[in-house]
Amino acid sequence: MGRFGYTKAELEQIVYRQLENLNAMNDLLQIMKLQNELIENANTKLKDEITGFKKTFVKYPTTLRNRKKDE
């Protein structure tokens, strides 16, 4: 053992494990980025559909509304 208690082989294992972890985190971040893009696209499409539906939806007056206007 060296002065810090690790052999060169042990330090290499630690460094390679950290590299594997960094690569795994990078993969996870890419997946999360893709998921966010898909969610944003879905939300945009849903918003557009709802807006289109609201534009085509006609509100018909009810007798209750007519009564309130007359009073």
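Numbering starts at 1 and runs along the sequence shown. Please read these numbers as outputs of a predicted model, since none were measured by experiment.
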side-chain contact (heavy atoms from CB on, under 4.5 Å) against Ile50, all qualifying residues, sequence neighbours excluded: Leu46, Lys54
Pairwise distance [atom1]([X]) to [atom2]([Y]) - rounded to 0.5 angstrom:
| X | Y | atom1 | atom2 | result |
| --- | --- | --- | --- | --- |
| Leu34 | Leu29 | CG | CG | 12.5 Å |
| Asp48 | Asn43 | CG | CG | 11.0 Å |
| Leu19 | Glu12 | CG | CD | 13.0 Å |
| Glu40 | Lys47 | CD | NZ | 12.0 Å |
| Gln18 | Met25 | CD | CE | 9.0 Å |
| Asp27 | Asn23 | CG | CG | 6.5 Å |

Hey, does Lys45 have a side-chain heavy atom less than 4.5 Å from the side chain of Asn41? no
